Protein chains: 2
Amino acid sequence: MQALREELAKISSIVTIEKGTTILRQGEYVKVIPLLTSGLVKVFKEESVNGNEVLLYYIKPGESCVMSVTTLIKQQKSHVKAVLEQDSTMVLIPANKALEIAKKFPKWNEFIYDLFSLKFDELLDIIEVLTFSTKNVRLLSYLTKEASLKNTKVLHKTHQQIAYDLGSSREVISRLLKKLEIEGLIKLGQGKITLTSE
Amino acid sequence: MQALREELAKISSIVTIEKGTTILRQGEYVKVIPLLTSGLVKVFKEESVNGNEVLLYYIKPGESCVMSVTTLIKQQKSHVKAVLEQDSTMVLIPANKALEIAKKFPKWNEFIYDLFSLKFDELLDIIEVLTFSTKNVRLLSYLTKEASLKNTKVLHKTHQQIAYDLGSSREVISRLLKKLEIEGLIKLGQGKITLTSE
DNA sequence: ATTCACTTGTGACATTTGTCACTGTATACC
DNA sequence: GGTATACAGTGACAAATGTCACAAGTGAAT
């Protein structure tokens, strides 16, 4: 594992990129495999026709972008979009070196498998909720996940932003949030949502 | 690649299992990695509370079950259910040998990565349709995928079966199918749906 | 204190989906 | 032919969601 770290340090570059930057566009080819060391990345699926999008999952520090890995191997265009949610630092592994790494270090494959499994499970959860639940369940699950990720009870988000993440409309989100507030699960403020843990 | 095949032949057993058998249950631990040589396997996600389920994707001949691979590596319970849609033959790779294989044959990892990428994309498609489209789009996409998979224009399915696969109800599916028939996209018969390709 | 931009609330309405309670129709088997 | 049995159609209704058109609130800057 130490050897792997040294090898990566040798062939990779480290960059810091600012919040809001799109580091991977849908339809683009992958040139590097990013390994996040600090910050947070959101991964979206864009609707093929309109410009709408849904949040799929986050990439946290210590994780990489599994989609980069596969699109690299299969030489195909990316089917997702990745945007920095916070200023982030990442190690960039050049595409051509990544395959060698995988061959030389079995640990690397285990790492990737682990990630795949994690993200696969997150997609499964989304599909389950989308299929069997109403939007307020989806919304609540989004809020709690968001809160645990940022490690806070207070989310600084507008209803519109949430609507984008969930592929819904602002009015619907507003109404549902209001309901959740009435149920006592959250407290609403301007551009701010507080989870009331009970 | 030849060496890999020989190695697999040495350590694995081949079995033929009949249609309808559940080869992997949700919550169960994985003991073998199946490699399908003939037949067809459906993979479902079950709702955690009720018994409802959604079809996620199929495993075709030449493919393996990616969920088996990761749940094996991570030693976790399966989050999906796999049922034989047709009588199927498969090579069973013992769990303890699978890791050795992965280390010895880089090709094996590539194979798994490819599969992962494929199935990941299918999940993304489902999420996209669930988020941005109505059920009739989802239904149509289901029917065409089903038809291309079985390589026929005639599907032998009842409305109830389709409802189960999509996690919906029979009445809804019936109504939507009727609409699709009026639009001229399909022709309905008892337990039978014919796609009219134009 | 006023203004302005951003954010949120709201009522009305159309669609979509799910559910219930039936009715009608094929098909196979006797 | 008659009759089960599985399969499909239907009407009525409620709930969920999306959309439109505004109204109202909030907070920062001047």
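Keep in mind it's a predicted model, so treat the numbers as computed, not measured. Within every chain, numbering begins at 1; the chains are lettered A, B, ... in the order of the sequence lines, protein sequences first and strands thereafter.
Among the nucleotides C/dT16, C/dA12, D/dA8, the one closest to any side-chain atom of B/T134 is C/dT16.
For the pair B/S168 and C/dG18, the criterion of a side-chain N or O lying under 4.0 Å from OP1 or OP2 is met. Not one side-chain nitrogen or oxygen of A/H159 sits closer than 4.0 Å to the OP1 or OP2 atom of C/dC6. Applying the 4.0 Å criterion to OP1 and OP2 of D/dG18, one finds that A/K135 has a side-chain N or O inside that range. Phosphate contact (OP1/OP2 of C/dG9, side-chain N/O of A/K178, threshold under 4.0 Å): present.
Residue A/L166 contributes atom CG, which lies 17 Å from atom P of D/dA16 at whole-angstrom precision. Computed from coordinates, the B/L188 CG to C/dA26 C1' distance equals 14 Å when rounded to whole Å. For the pair B/K192 NZ and C/dT27 C1', the interatomic distance rounds to 13 Å; values are reported in whole Å. The CG-C1' distance, from B/L176 to D/dA8, rounds to 14 Å in whole Å. As rounded to whole Å, 11 Å separates atom P of C/dT19 from atom CZ of B/R175. Spacing between atom CZ of A/R138 and atom P of D/dA16 amounts to 17 Å, rounded to whole angstrom units. For B/Q160 and D/dA8, the CD to P distance is 9 Å, given to the nearest whole Å. Here C/dT8 presents its C1' atom at 17 Å from NZ of A/K157, a figure rounded to the nearest Å.
Panel note: side chain A/T89, backbone A/I17; no donor-acceptor pair is recorded below 3.5 Å. In terms of modelled atom types and a separation under 3.5 Å, the side chain of A/T22 and the main chain of A/L24 share no donor-acceptor contact.
Annotation: of the two residues near DNA chain D, A/S133 and A/E171, the 5′-most nearest-nucleotide partner is A/S133. Residue B/E181 is the one, among B/T131 and B/E181, whose nearest nucleotide of DNA chain D lies closer to the 5' end (criterion: closest heavy atom).
Classification of B/E181 and B/K178 as a salt-bridged pair holds, one side-chain N sitting under 4.0 Å from a carboxylate O. Between A/K97 and A/E7 no salt bridge is recorded (no basic side-chain N to carboxylate O distance below 4.0 Å). Remark: B/E46 does not engage B/R25 in a salt bridge, criterion side-chain N to carboxylate O under 4.0 Å. Look at B/K81 and B/E53 and you find a salt bridge, because one of the NZ, NE, NH1 or NH2 atoms lies within 4.0 Å of a carboxylate O, short of that distance. Contact check on A/K10 versus A/E6 returns no salt bridge, with no Lys/Arg side-chain nitrogen under 4.0 Å from an Asp/Glu carboxylate oxygen.
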All N/O contacts under 3.5 Å from nucleotides 24-30 of chain D to the protein, with atom names and distances to one decimal?
residue : atom : partner : partner atom : Å
D/dG25  : N2   : A/Q190  : NE2          : 3.4

Can you give me the N/O atom pairs linking the protein to nucleotides 1-5 of chain D at distances under 3.5 Å, or say none if there are none?
none

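Among residues two or more places apart in sequence or in another chain, the side-chain hydrogen bond (donor to acceptor under 3.5 Å, both in side chains) test is passed with B/E63 by B/K119.
The 12-atom threshold is exceeded at OH of B/Y142, counting heavy atoms of other residues, nucleotides or ligands nearer than 6.0 Å.
Residue contacts for B/S169: at a heavy-atom cut-off of 4.0 Å it reaches a base atom on one of the strands shown.
The aromatic rings of B/Y113 and A/Y113 are tilted relative to each other, their planes meeting at an angle between 30° and 60°.
Judged by distance alone, with hydrogens and angles left aside, B/R170 brings a side-chain donor or acceptor within reach of the base of D/dG9, the pair sitting under 3.5 Å.
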